[in-house]
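Quick notes on the structure that follows.
In what follows, every heavy atom counts, from backbone to side chain, and hydrogens, waters and symmetry copies are set aside. Letters go in sequence order (proteins before strands), and every chain restarts at 1.
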There are 2 protein chains.
Amino acid sequence: MAVYKAPLRDMQFVLNEVFNAEARWASMPATRDVTPDLADAILGEAAKLAENVLFPLNRSGDEEGCKWVLDANQQGVVTTPKGFREAFRQLAEGGWTALSGSPEFGGQGMPKMLTVMFDEMLYGANSSFALYPMLSNGCTLCIASHASEEQKQVYLPPIYEGRWCGTMCLTEAHAGTDLGIIRSKAVPNGDGSYAVSGTKIFITGGEHDLVDNIIHLVLAKLPDAPPGPKGISLFIVPKFLVNADGSLGARNPVSCGSIEHKMGIKGSATAVLNFDGAKGWLIGEPGNGLAYMFTMMNYERLSIGIQGLGLGEVAYQSAAAYAKDRLQSRAPTGAVAKEKMADPIIVHPDVRRMLLTARAYSEAGRAFACFVGEQLDMAKYHEDDATRADADALVQLLTPVAKAFFSDKGFESCVLGQQVFGGHGYIREWGMEQLVRDARIAQIYEGTNGIQALDLAGRKVARNGGAYARVYFAQMRSALDAIGAVPAVAGEMAAARKAIQLLEETTDWLIAEAKGDANAIGAASVDYLELFGLVTYGWLWARMLAIAAPKAGADAFYTAKLATGRFYFQRLLPKADALAAQVRAGSVSLMTLDSTLF
Amino acid sequence: MAVYKAPLRDMQFVLNEVFNAEARWASMPATRDVTPDLADAILGEAAKLAENVLFPLNRSGDEEGCKWVLDANQQGVVTTPKGFREAFRQLAEGGWTALSGSPEFGGQGMPKMLTVMFDEMLYGANSSFALYPMLSNGCTLCIASHASEEQKQVYLPPIYEGRWCGTMCLTEAHAGTDLGIIRSKAVPNGDGSYAVSGTKIFITGGEHDLVDNIIHLVLAKLPDAPPGPKGISLFIVPKFLVNADGSLGARNPVSCGSIEHKMGIKGSATAVLNFDGAKGWLIGEPGNGLAYMFTMMNYERLSIGIQGLGLGEVAYQSAAAYAKDRLQSRAPTGAVAKEKMADPIIVHPDVRRMLLTARAYSEAGRAFACFVGEQLDMAKYHEDDATRADADALVQLLTPVAKAFFSDKGFESCVLGQQVFGGHGYIREWGMEQLVRDARIAQIYEGTNGIQALDLAGRKVARNGGAYARVYFAQMRSALDAIGAVPAVAGEMAAARKAIQLLEETTDWLIAEAKGDANAIGAASVDYLELFGLVTYGWLWARMLAIAAPKAGADAFYTAKLATGRFYFQRLLPKADALAAQVRAGSVSLMTLDSTLF
């Protein structure tokens with residue numbers, strides 16, 4: 001069966017030993033009050049919630065799914081799986097819905113460096129459930145960054161308190177990646193509000209029974225809007241209008257026409273929403289809708305990446321437990337459990353290969369999430385302009401890598417975990433196949449991983465001539481320089497440096513190639529992103545090994561860390577060379593075939 | 001939506017142009033009557049059945065699934081999805097259930113080289129449905145090879161006629177890979193029959209409503225059987241006993257306790273079967289059960305591999321159709337469909353990368369299936385002893401590669417196809433996510449792909465000191481030598497030779513390493529198998545390119561073949577170097593960590 005314990009020891013290792021979070025938090029006024037003790041207490045309580053409340057609802061939520069019916073008023077209503085409502089109340093009562101919120105409006109303002117770990121637990125324990133608070137987070141982030149003071153006052157506190165939820169309404173049936181062609185309209189009502197009309201699809205948490213009100217952020221076009229992305233504005237459209245005293249007023253004409261039947265995340269309601277002249281309020285300036293969306297996209301995309309990370313961790317833990325328990329055949333070197341009818345399958349090198357692959361990705365991923373979280377915090381809070389600018393460059397550069405690489409490796413880990421279970425992995429009651437189905441969506445939504453790769457290779461690397469990438473390569477090298485020589489892992493340190501060199505050369509090649517070939521970016525992008533991720537994990541593993549090696553032997557945690565990291569260098573990083581070769585193959589072999597011949 | 005047309009043109013190319021099937025069939029008495037015209041007619045009719053009868057039941061079969069209930073007699077009965085019963089009748093009436101059967105007992109005796117293509121269509125159109133006739137095939141193969149003349153007379157004709165089906169009952173809850181520890185018992189009744197007792201799980205087609213009788217082949221142990229694999233015997237246990245005149249008699253006490261709820265292949269009934277002293281008859285000699293199973297395993301495993309191949313083809317076709325239709329964004333080189341709001345997404349290099357990856361695997365896979373089919377035919381029918389021995393060596397060697405590599409690449413292709421659909425790929429009604437779920441099982445059942453890899457690297461390569469592998473490498477090289485120089489694809493021909501060299505060196509290294517390290521095989525196996533598959537596809541692509549290159553330009557089929565093959569060499573074969581490096585990393589990094597620390 002699938003099992004889950006929040007990996008608290010490893011989270012502490014990452015925060016305290018790899019990134020020295022204490023010093024980082026002390027260095028910025030906004031995070032000065034966050035101490036390692038506070039962080040530990042938060043993570044410890046979060047672990048209880050994840051393990052005891054959310055994880056037990058994961059299988060049942062998948063089996064039951066969300067249900068859509070027309071109520072007595074012919075209004076489409078959605079019922080979430082049994083237990084979700086009570087769990088959400090516990091989440092709200094524990095203050096978890098306010099964890100990363102703006103303190104001005106009742107949020108706790110916890111740093112992203114810490115909340116990435118909370119996110120990991122939520123997604124790991126129950127991805128379907130996690131999406132309700134996560135999407136609400138995204139909504140509040142957008143409101144906090146761009147809405148008026150009055151709008152913040154109205155909408156932020158109830159969402160932070162977990163009384164309301166929020167959504168992002170972008171996609172239309174004909175417009176997914178290409179939002180410039182959306183058709184939803186917003187017509188001024190003359191009283192400062194707008195009548196919003198149109199049909200949005202794939203709206204996560206678009207309708208449900210967890211809370212009293214749902215605040216939709218909707219992309220739509222004003223009557224005089226220019227065509228394309230510049231004509232898109234952003235509107236707040238609440239499910240129930242809000243009275244001056246904050247109480248709920250009339251139902252807004254936004255209705256849920258249906259919910260999707262999906263491969264996975266079945267406990268998450270994915271709604272079709274029909275806006276029929278629903279009352280909405282413009283956020284910020286007209287025509288800036290996409291830009292507003294994108295300022296919070298770095299948080300959202302990191303969060304969705306972490307869905308893959310969390311699920312990969314559960315897959316690893318579950319498969320490791322099964323491999324230690326399941327008796328089948330004998331070890332290649334001779335019977336180990338002689339008194340039993342067979343040995344536990346963990347004696348087999350190939351079972352270990354699958355487990356170590358998932359584990360190596362999971363542990364490096366946790367460090368990477370923390371690193372990106374730190375950059376987000378620094379970009380937002382650091383007092384030094386240059387530091388803030390560098391951090392922002394890294395956020396821009398690394399967000400698509402985190403989103404895509406986490407979710408790709410998370411999916412891969414879930415498939416491996418399922419494979420360890422053999423036939424039982426394919427059977428629903430064992431819980432492993434659900435992980436695969438739930439992880440798959442993270443590679444698709446919030447911008448497919450192909451779109452993430454284009455964003456990385458095009459916008460974040462080639463368009464600025466590698467400026468962001470150079471900031472990153474320099475930081476990677478200086479972090480390794482700062483470690484100095486650690487003889488026990490000298491080979492791995494050298495391999496990490498060589499990998500950085502390979503990534504840099506490949507980056508330079510790609511930037512040059514893109515100047516003469518408009519298809520170069522798209523041809524290279526997915527392989528380039530995977531190379532980028534592998535090298536990044538190599539860099540982080542080198543850092544972690546340098547810490548672990550001196551303490552290994554005496555302490556099981558470091559012993560395991562050392563073995564897992566060495567495995568990474570031996571068995572996973574070698575793919576980097578092949579990826580670099582694939583990048584350098586260019587676009588010709590992709591573009592030759594006439595599209596009619598596909 | 002998912003779409004499917006049987007790839008007849010490509011099948012003809014493989015049969016006629018790549019492998020010269022006409023000459024092969026003419027060379028052996030058993031296949032002398034098979035002509036290209038007959039083969040064309042068979043494939044053409046099969047295509048109609050697959051496209052018009054089976055494919056339309058694929059989505060509905062998934063949604064409806066199989067249903068298990070207790071009937072009035074407290075007997076567990078299974079209902080297959082609507083339409084399956086009628087479709088099976090059409091299959092039987094068309095003679096398709098007899099296609100590869102032994103002519104002595106009413107089978108058509110068609111060569112495997114041809115029937116692999118029929119199998120591909122069946123799995124592609126409807127994998128759940130396909131499993132019923134496929135498992136029946138496996139059952140008849142085993143009976144035809146090892147049962148007594150009388151047993152053949154009783155059981156083969158009704159199964160060939162599609163009036164009965166067959167199963168293989170191997171797995172027990174505690175015994176999957178490790179069949180040596182099964183507990184099912186067979187006690188002599190004193191009348192030549194045995195009382196078979198035990199519980200078998202994961203029995204594909206173990207109970208259903210398609211036909212009047214189901215013939216179970218059951219592994220069980222005689223009372224005096226030695227422990228381990230040598231104590232296993234094989235029994236025929238019919239659901240209904242068969243009277244002397246062939247009519248059905250009493251119900252045998254074998255009952256279906258439940259069916260599994262699975263990730264996919266939901267139209268295929270996966271049964272728990274309880275044998276409560278059911279009447280059974282020994283096949284062949286006691287203690288030879290596993291050996292009998294394994295003589296037909298090469299067919300079964302190839303067949304299950306082809307499930308991946310068939311589903312990968314559907315995924316490719318569906319994604320290609322969607323990519324030509326879906327309008328979203330503009331081409332990197334500027335608008336292509338200026339009159340439309342956006343360009344079809346096939347203009348994007350990364351969409352083409354996904355499509356060409358699936359297509360390159362599918363087309364090489366089809367050729368590989370045909371090659372392995374040819375070896376099976378030669379091993380069975382060829383009059384020359386040495387030729388037969390070489391063919392048998394190749395069958396032994398290549399079967400695990402075909403099973404695992406087809407199903408791995410099939411799954412990968414389904415995931416890529418789903419990805420091309422973006423968000424719609426995750427929605428059930430579009431049909432792409434079902435392909436992913438259905439393809440996943442082929443990597444798990446019939447021996448997991450990890451087990452296939454151990455079989456390849458251990459039993460088929462290291463144990464005989466590379467003897468089989470040398471036969472293969474020599475044939476690969478001589479096939480390339482026979483082609484001679486084709487200037488247009490000289491680079492690809494050279495790359496294929498280099499890849500064969502790499503595989504040979506890696507093979508030699510592994511054989512040597514295995515002598516000193518019992519864990520070497522398991523540590524290398526999965527990466528070695530993938531390397532083996534990639535190099536094999538490189539070899540086959542080189543052969544196909546040599547045929548296509550001179551005809552490309554004038555004929556769209558060869559133009560596409562050339563472009564797809566070139567893509568394979570540019571973008572997919574480069575992974576071989578990384579895999580070889582991973583193999584050579586050895587077992588240390590896998591075995592260091594104590595199992596308690598996982």
Tell me the closest heavy-atom pair linking [X] and [Y], and the distance in Å.
X         : Y         : answer
Ser589(B) : Leu356(A) : O-CD1, 3.7 Å
Gln443(A) : Gln419(B) : O-NE2, 2.9 Å
Met263(A) : Arg437(B) : CE-CG, 4.0 Å
Lys575(A) : Ala578(B) : CA-CB, 3.8 Å
Gly423(B) : Ile444(A) : N-CG2, 3.6 Å
Asp527(B) : Arg571(A) : OD2-NH2, 2.8 Å

So what's closer than 4.5 Å to chain B heavy atoms on [X]: side chain, backbone, both or neither?
X         : result
Val336(A) : neither
Ala585(A) : both
Asp577(A) : neither
Gln317(A) : neither
Ile346(A) : side chain
Thr596(A) : backbone
Tyr316(A) : side chain
Ala520(A) : neither
Phe557(A) : neither

Fill in: Any side-chain donor near an acceptor of the partner, Arg584(B) and Gln570(A), under 3.5 Å
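Gln570(A) and Arg584(B) do not have a side-chain donor-acceptor pair below 3.5 Å.
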Worksheet entry | Beyond-backbone contact of Thr177(B) with Ser329(A), side-chain heavy atoms, under 4.5 angstrom |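 Yes, at least one pair of side-chain atoms sits under 4.5 Å.
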Discussion item. Is any side-chain heavy atom of Val588(A) closer than 4.5 Å to one of Arg566(B)?
Written reply: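 The answer is no, as the side chains (C-beta and beyond) never meet within the 4.5 Å cut-off.
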Worksheet item: Considering only heavy atoms, which portion of Thr270(B) lies under 4.5 Å from any heavy atom of chain A: side chain, backbone, both, or neither?
Response: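 For Thr270(B), neither part sits under 4.5 Å from chain A.
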Worksheet entry | Toward chain A, the part of Ile201(B) with a non-hydrogen atom under 4.5 Å |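 Ile201(B) touches chain A through side-chain heavy atoms alone.
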Could you grab the distance from atom [atom1] of [X] to atom [atom2] of [Y], nearest 0.5 Å is fine?
X         : Y         : atom1 : atom2 : answer
Lys324(B) : Leu597(A) : NZ    : CG    : 8.0 Å
Thr448(B) : Asp350(A) : OG1   : CG    : 7.5 Å
Tyr445(B) : Tyr426(A) : OH    : OH    : 7.5 Å
Arg326(A) : His174(B) : CZ    : NE2   : 8.5 Å
Met341(B) : Ile181(A) : CE    : CD1   : 4.0 Å
Leu593(B) : Arg359(A) : CG    : CZ    : 6.0 Å

Discussion item. Other residues, nucleotides and ligands only: do more than 12 of their heavy atoms fall within 6.0 Å of NE2 on His261(A)?
Written reply: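 No, because the 6.0 Å sphere around NE2 of His261(A) holds 12 heavy atoms or fewer from other groups.
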